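Note that the structure is predicted; figures quoted are calculated from it, not measured. Numbering of residues begins at 1 and proceeds along the displayed sequence. Atoms considered below: every heavy atom in the structure, side chains included; atoms not considered: hydrogens, waters and symmetry mates.
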Amino acid sequence: MIKIGVIGCGFIGTQICLAVDSGAIPAEIFGIFDFSDEKADAVLKLFKNLNGTPQKYTPEEMIESCDLIIECASQEAVLKYALPAAENGVDLMVLSVGAFQDPDFYRKVRETAAASGSKVYIPSGAIAGTDGLKSAAIAGLTSVSVTTRKPVSGLAGSPYLIENGIDLSGLKEPKLVFEGAAAEAVVGFPKNVNVCATISLCGLGFEKTNVRIIADPTISENIHELEVYGDFGHMKMTIENKPSPQNPKTSYLAALSAVSALKRITDPIQVGI
Ligand SMILES: NC(=O)C1=CN([C@@H]2O[C@H](COP(=O)(O)OP(=O)(O)OC[C@H]3O[C@@H](n4cnc5c(N)ncnc54)[C@H](O)[C@@H]3O)[C@@H](O)[C@H]2O)C=CC1
Ligand SMILES: O=C([O-])CC(=O)C(=O)O
């Protein structure tokens with residue numbers, strides 16, 4: 001069984017731990033880490049210890065002892081731990097994908113992983129259509145755009161809104177709060193549009209992927225619309241995600257996609273990859 005270290009004990013980290021602990025995946029949670037001790041302790045209490053006996057460790061200790069590190073914390077955590085994991089030949093799953101908008105960092109992680117023989121897994125997250133987009137990219141793409149609509153509570157506190165003095169309190173109608181390249185979107189909304197980073201990596205890159213972010217007080221779902229044109233034809237996909245009850249910024253599907261990726265990693269048969 002592969003040994004897993006989880007960095008980040010919020011909504012996604014908790015769901016991953018529960019899924020592995022249920023015995024549904026041939027893997028064991030070796031350790032967990034969160035810079036909030038309280039969060040880590042709360043997750044430890046949920047384990048029934050069906051697959052191993054997880055404990056709190058530092059990321060460095062987990063990198064020493066694990067086969068796979070799952071980052072479900074923040075872009076800062078990716079910047080801090082992705083290279084050490086790759087240098088040690090440890091596989092990595094990344095949820096805070098926006099960290100890869102820095103092309104030098106992305107190249108270094110890729111080269112280091114290639115040299116050590118480790119893998120970096122990026123689940124489809126809170127969006128769908130990455131399979132078709134990757135296939136379409138083989139023949140050539142002319143445009144890729146993502147429109148994200150979230151309730152106001154899901155966007156609150158984003159650096160872009162603060163820096164631009166955009167106040168959403170009392171909003172009654174949908175408001176376009178951002179339009180531009182994915183490279184800028186994932187920095188301005190680091191907890192909201194990691195999906196755009198994933199789409200960028202599957203398709204046209206961070207500079208050529210167009211993003212629109214709409215604050216919508218009339219909806220309760222996190223909605224992502226993906227539209228792609230290329231030699232293959234035209235693809236349009238809309239997903240209406242239920243936000244997680246614990247973290248309104250994050251959709252339930254994001255956690256499910258991490259568990260699903262874990263199932264694929266540990267399964268000898270790969271379907272629909
Ligand atoms: N790829 C995708 O489609 C999606 C990605 N995400 C991203 O996944 C990550 C996890 O999401 P959630 O579980 O909903 O977040 P959350 O806010 O519920 O939990 C994150 C946890 O990580 C901890 N943390 C943050 N930075 C850390 C660091 N440097 N070291 C240690 N612990 C740290 C926090 O204390 C918190 O407990 C977030 O960055 C989120 O933006 C979320 C939804 C979709
Ligand atoms: O969960 C979502 O709907 C999208 C999200 O937060 C992200 O991509 O960072």
Are the side chain of [X] and the backbone of [Y] linked by a donor-acceptor contact shorter than 3.5 Å?
X      : Y      : value
Asp67  : Lys3   : yes
Glu227 : Tyr229 : no
Glu71  : Ser96  : yes
Thr266 : Lys263 : yes
Asn164 : Ile166 : no
Lys242 : Leu253 : no
Thr112 : Lys108 : yes
Asn88  : Val90  : no
Glu61  : Thr58  : yes

Residue list, ring-ring contact (aromatic ring centres under 6.0 Å, His included) with Phe30, at least two apart or on another chain: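 Phe30 satisfies ring-ring contact (aromatic ring centres under 6.0 Å, His included) with Tyr57 only.
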Compare every heavy atom of [Y] with every heavy atom of [X], then report the nearest pair and how far apart it is.
X      : Y      : result
Pro217 : Pro174 : CD-N, 3.8 Å
Ser251 : Phe11  : O-CE2, 4.1 Å
Ala73  : Gly8   : CB-CA, 3.9 Å
Cys72  : Val6   : SG-CG1, 3.7 Å
Ser116 : Glu87  : CB-O, 4.3 Å
Ala86  : Ala113 : CB-N, 3.9 Å

From CA spacing to verdict: salt bridge (Lys or Arg N to Asp or Glu O under 4.0 Å), Glu221, Arg149: CA-CA 8 Å; Glu221 301 85 10; Arg149 291 167 204 274; over 6 Å; no
Evaluation steps, side chain to side chain contact (heavy atoms under 4.5 Å, CB included), between Val94 and Phe100: CA-CA 10 Å; Val94 172; Phe100 288 139; 4.0 Å; yes
With rounding to the nearest 0.5 Å, note down the distance linking [atom1] in [X] to [atom2] in [Y].
X      : Y      : atom1 : atom2 : answer
Leu155 : Lys175 : CG    : NZ    : 12.0 Å
Asp216 : Leu168 : CG    : CG    : 11.0 Å
Asp104 : Asp102 : CG    : CG    : 5.5 Å
Leu226 : Met237 : CG    : CE    : 5.0 Å
Glu28  : Ile4   : CD    : CD1   : 8.5 Å
Gln75  : Lys80  : CD    : NZ    : 15.5 Å

State, yes or no, whether a side-chain contact exists between [X] and [Y] at a heavy-atom distance under 4.5 Å.
X      : Y      : answer
Cys17  : Leu46  : no
Thr238 : Lys236 : no
Leu83  : Phe105 : yes
Thr250 : Ile12  : yes
Leu133 : Leu141 : yes
Leu262 : Ile70  : yes
Pro151 : Asn222 : yes
Lys56  : Asp41  : yes

Please answer: with hydrophobic residues joined when any side-chain heavy atoms are less than 4.5 Å apart, are [X] and [Y] in the same cluster?
X      : Y      : result
Ile63  : Ile29  : no
Val20  : Leu18  : no
Val186 : Val195 : no
Val43  : Met62  : no
Val211 : Ile127 : no

CA sep, side-chain torsions, deciding dist, call: Asn241, Ile223, side chain to side chain contact (heavy atoms under 4.5 Å, CB included): CA-CA 6 Å; Asn241 283 314; Ile223 303 176; over 6 Å; no
Side-chain polar contacts of residues 198-210 - donor-acceptor pairs under 3.5 angstrom, sequence neighbours left out - could you list them?
unit_1	atom_1	unit_2	atom_2	d
Thr198	OG1	Asn194	O	3.3
Ser200	OG	Cys196	O	2.7
Thr209	OG1	Gly205	O	2.6

Please check if atom [atom1] in [X] has more than 12 non-hydrogen atoms from other residues, nucleotides or ligands closer than 6.0 Å.
X      : atom1 : value
Tyr121 : OH    : yes
Arg107 : CZ    : yes
Glu64  : CD    : no

Derivation of the side chain to side chain contact (heavy atoms under 4.5 Å, CB included) call for Tyr160 and Val177: CA-CA 9 Å; Tyr160 183 89; Val177 294; 5.6 Å; no
Side chain to side chain contact (heavy atoms under 4.5 Å, CB included) between Gln270 and Arg264, intermediate numbers included: CA-CA 6 Å; Gln270 304 280 310; Arg264 279 195 301 280; 4.1 Å; yes
Donor + acceptor pair across side chains of Ser74, Glu76 (<3.5 Å):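 Present: a donor and an acceptor within the cut-off.
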